[in-house]
Amino acid sequence: MVNMACPCLGEEEKEAIGKIIDSGMIACGNITTEFENRFSAYVGVKHGIGTTSGTTALEVAIKALGLGQGDKILTTAYSFIASTNAILYAGATPIFADIKEESFNIDPQDIDRIVSKNPDIKALLIVHLFGKACDMDRIMELVKKHHLLLIEDCAQAHGCKWKGRTVGTFGDVAAYSFYPTKNMTTGEGGMVLTSNDDVAERARMLINHGMKIRYHHEIVGYNYRMTNLAASIGLCQLEKLKQMNKARQEHAKVYDEGISNTKIILPKKDQGHVYHQYTIRVVDELRNNFIRYLDQNQIGYGVFYPLTIPEQKCYENFAFLKNYLHADIIKEQVVSIPVHPKLKREELDYVVEKINKFEV
Ligand SMILES: *Cc1c(COP(=O)(O)O)cnc(C)c1O
């Protein structure tokens, strides 16, 4: 079986966890701080605030900007559900834009169209999907033109770059996830990143019951603190991130150069892509046949995502627009194939060979 995901955990993580256990300080503490400092420095922003997940990081990011009840936030119709749920947790109202077919990312032209019609939209929440950066030239133009706050969901984009600049540094605030299938992990975990001192201070309070001084609660906050245990794994993973991303990029190159089936559209090449997923498109309504074929040949795969966000059942009573020209095409075509760092050359060659032999 060629597996879809495989966290790269080893002796370093075991040793680090062991040290934390020996210290007795397993909850949020100095190792959390060290990881926050290292990860924020790696991305290139001033502050990092560790959280319990990418989802809680997104929620805190939105609330730390002061967004809430009655505020409209424009986001992508095509992502993991957490990017929209976080908007709802904060009490704000999501509005959805379509994507571009060749990048799977939010379409700047659609952002411009929607915000021009709805000038009360306050913020834009973008997702660098599958490890590929959104079109940040166009997006920064639109952020300026329409005076929008910008939130970056970097849950799938650790180390991803747009024209040499790391994602997470463009927005007013960014959120990362460290779930085991992501490019680096802490088990569960996330981080809010920002260079804005006020946003950082609010985020820090929000994750710790709204307090700066112990037992003096200034706002209603949460317990979303990252533990020393999680952070100790994160520090080891950060050391390996460059290498792990390089392996993903090399694996993607094998697919780029090897897959030549005319029923398959390959992802657009991009220097800064960190291939959280290698996502191909199967044309001519052949996806069901294709995934059955992968099953028969013991090749793991994922369909990210079979539905757009606004059409999910949990939102059936929300007045969300349900139709999106490009996202509705893409959701029927996408298949992600294994690209994780631990794949062997023989496995990659096997996947290429099988995909090239797929016929109708
Ligand atoms: C994984 C993910 C999240 C949520 O992260 P968790 O750590 O699982 O809560 C948010 N947005 C996107 C795009 C994701 O892929």
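One-based numbering, in listed order, for ligands and for the atoms of each.
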Item checked: Option whose closest heavy atom lies nearest to atom 1 (C) of ligand 1, chosen from K182, Q156, E59 -> K182
Next item on the list: Would you check the N or O atoms of G54, main chain and side chain alike, for any that come under 3.5 Å of an N or O of ligand 1?
Entry: yes
Notebook entry, point to check: What part of V127, side chain, backbone, both or neither, has a heavy atom within less than 4.0 angstrom of ligand 1?
Noted result: side chain
Check: Applying a 4.0 Å heavy-atom criterion (strictly less than), which segment of S79 is in contact with ligand 1: side chain, backbone, both, or neither?
Finding: side chain
Check: Does the N or O separation between Y305 and ligand 1 drop below 3.5 Å for any pair?
Finding: no
Notebook entry, point to check: When only distance counts, is S83 in polar contact with ligand 1, meaning an N/O pair under 3.5 Å?
Noted result: no
Next item on the list: Would you please say whether a donor-acceptor pair under 3.5 Å links the side chains of D270 and W162?
Entry: no
Item checked: Atom pair NZ/NZ of K14 and K19 - distance to nearest 0.5 Å -> 15.5 Å
Note to self: Quick check on ring-ring contact (aromatic ring centres under 6.0 Å, His included): which of Y278, F304, Y305, F130 does F104 satisfy it with?
What the structure shows: F130
Checklist line | Worked verdict on I330 versus I99 for side-chain contact (heavy atoms from CB on, under 4.5 Å) | finding: CA-CA 9 Å; I330 289 303; I99 56 170; 4.0 Å; yes
Check: How long is the gap from CZ on R138 to NZ on K145, to the nearest 0.5 Å?
Finding: 8.0 Å
Margin query: Go through it in stages, so that I can follow the logic: the residues are E13 and Q237, the test is side-chain contact (heavy atoms from CB on, under 4.5 Å), and I'd like the CA-CA distance, side-chain angles, deciding distance and then a yes or no.
Written below: CA-CA 8 Å; E13 285 83 358; Q237 290 275 296; 2.9 Å; yes
Next item on the list: Mark up the atoms of ligand 1 that fall under 4.0 Å of a heavy atom belonging to A82, in ascending order.
Entry: 3 (C), 4 (C), 10 (C)
Notebook entry, point to check: Does H276 have a non-hydrogen atom less than 4.0 Å from ligand 1?
Noted result: no
Check: When clusters are formed by joining ILVMFWY residues with side-chain heavy atoms under 4.5 Å apart, either directly or through shared neighbours, do L88 and I73 land in the same one?
Finding: yes
Checklist line | Closest protein heavy atom to atom 9 (O) of ligand 1, given as residue, atom name and distance to 0.1 Å | finding: T55 OG1, 2.5 Å
Margin query: Counting only heavy atoms closer than 4.0 Å, does ligand 1 sit against the backbone of S53, its side chain, both, or neither?
Written below: both
Next item on the list: List every atom of ligand 1 that sits less than 4.0 Å from any heavy atom of A155, numbering the atoms from 1 in the order shown and giving each element.
Entry: 2 (C), 3 (C), 10 (C), 11 (N), 12 (C), 14 (C), 15 (O)
Checklist line | Taking atom 13 (C) of ligand 1 as the reference point, the nearest protein heavy atom with its distance | finding: D153 OD2, 3.4 Å
Next item on the list: May I ask you to check whether D135 and N105 show a side-chain donor-acceptor distance below 3.5 Å?
Entry: no
